[in-house]
Chemist: 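Just dropping this structure here.
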Amino acid sequence: MNEQFLKRMQTLLGAEYDAYVETLHNPPFRGLRANLLKIQPDALVKRQFASLSPSPFAREGFVLTGSETGLGNHIYHRQGLFYMQEPSASSAVTVLDPQPGDWVLDLCAAPGGKSTQIAARIGHAGFLIANEIDGGRARVLMSNLERLGVSEALITHASPEQLCPQLTGWMDKVLVDAPCSGEGMFKKEDQALADWSVEHVRSCGLRQQKILESAVFTLKEQGILVYSTCTYAPEENEQVIDQFLRKHPEMELLDCGVKFGRPGLSLGLVDGAKVRRIFPMDQGEGHFVAKLRKRAPQPSVRQRFVKSSPLPPAARDFFNDQLTEIGDLHFHLEQDRLSLMRHEFIQLDKIPVLRQGVMAGEIVKNRLEPHHHFYTSALLQDRFTKTVELDENQLTLYLQGLPLTMNAPRGFLCLRFEGYPVGFGKSDGAVIKNKYPKGLRTR
Ligand code: SAM
């Protein structure tokens, strides 16, 4: 471990430094979160697939108490029933406290741990804008949102400076889970430890202030901003909030209103009792959380919506055949790709959009070729008219990408295991052709 880092931790922790050093020999805390869009936490526990104890950091979170490995390949993971997440990482969304119907911006969103938690809390009445500046990470964000069946979301790939001015005054809540020096990630990420230096910590602090400068204008009056990091350095935590409050008298620091972790440092305009710090002595690898509210009027830029596309007849026939109800859905067709969701589709100017809504499928030669997301979305999971329940052997074959020999209605079928969709196939009556995405197959 870096000597200079340890010295700083000694100054920060005082009498508790030895207890912190002890934790460095322990394996990292592991956890997962029930995806409330698909399953309630008690129903997930009843499935007895892992040793779980309730997490102190989120009502839908669990600490993994056993040594199970490979949970990322478990069928419930594939079905989007849970998300693997270090327990303290769920604390920021607990503090943000998104409510059903809220509009929420997650500005630094990949790989999507907090975005998926927000999407589940706001439900299908709320709307999430999940942004990630890094292209490769943005694709991982999209695949996680797809796996968890999120529909009411816009996934963008832009810098905060590009994106935020177009969202002025739109948001009930904003999360800035900022890129940081990752001092709480040293056990998991060798790179974070290798990159660590005091200069790096300071440059992260400057970048974090810049991100907050963009984020703040997207909030409505009374809107809530949560700032979080997975690092311990005051330069990236209380100092960033102090600088921000000096520039923004319209923002007030609120008490995080939670019991987990411990108070932070009182520094400048920051009352340490209001912010929250989590160290490994508090049952998580490490997090800092601060909650702020905008107490001034905020004019907003007008929301522009994509003109509703008339559904091509082939698509209308397909949806009427596959779903019990489509009256509450909006559709958007772009270059043969058809998306759907409950909200109207938003139009942004020159912002790369990875996805908006559910990717329903592609129009090919006057037919709709459905997409995996259509069959895994939580919005539609109880609306499929043609479903087949797989047994364990059929599931194994399906995940391998093999055809299933069985009598079934002709056409596209939603294939389920233990009541939840896994994916889809196309039946000719005797054999179901496998449509499980190649990249997800087990062989
Ligand atoms: N919220 C994510 C989650 O819970 O899964 C983790 C976010 S991670 C701590 C910070 C993210 O910020 C990274 O994905 C990183 O690519 C992104 N980032 C890096 N530089 C940035 C910048 N200048 N502006 C906005 N985001 C940035």
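No hydrogens, no waters, no symmetry mates; every other heavy atom, side chains included, goes into these values. Counting starts at 1 for both ligands and their atoms, following the listed order.
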Chemist: Given a heavy-atom cut-off of 4.0 Å, could you list the residues near ligand 1 in chain and number order?
Modeler: Cys108, Ala109, Ala110, Pro111, Gly112, Gly113, Lys114, Glu132, Ile133, Asp134, Arg137, Pro160, Asp177, Ala178, Pro179, Arg207, Ile211
Chemist: For residues 119-147, which residue pairs pass the ring pair (Phe, Tyr, Trp, His ring centres under 6.0 Å) check, not counting sequence neighbours?
Modeler: Trp103-Phe127, Phe127-His343
Chemist: Should Arg121 and Glu60 count as an ion pair when the cut-off is N to O under 4.0 Å?
Modeler: yes
Chemist: With a 4.0 Å cut-off on N to O distance, would you call Asp328 and Arg383 a salt bridge?
Modeler: yes
Chemist: Any luck finding a side-chain donor-acceptor pair between Asn131 and Thr156 under 3.5 Å?
Modeler: yes
Chemist: Tell me, which pairs form a ring pair (Phe, Tyr, Trp, His ring centres under 6.0 Å) where one or both residues lie in residues 30-62, sequence neighbours left out?
Modeler: Phe49-His74, Phe49-Tyr76, Phe49-Phe82, Phe57-Phe260
Chemist: Show every ring pair (Phe, Tyr, Trp, His ring centres under 6.0 Å) that has at least one partner inside residues 270-302, sequence neighbours left out.
Modeler: Tyr232-Phe279
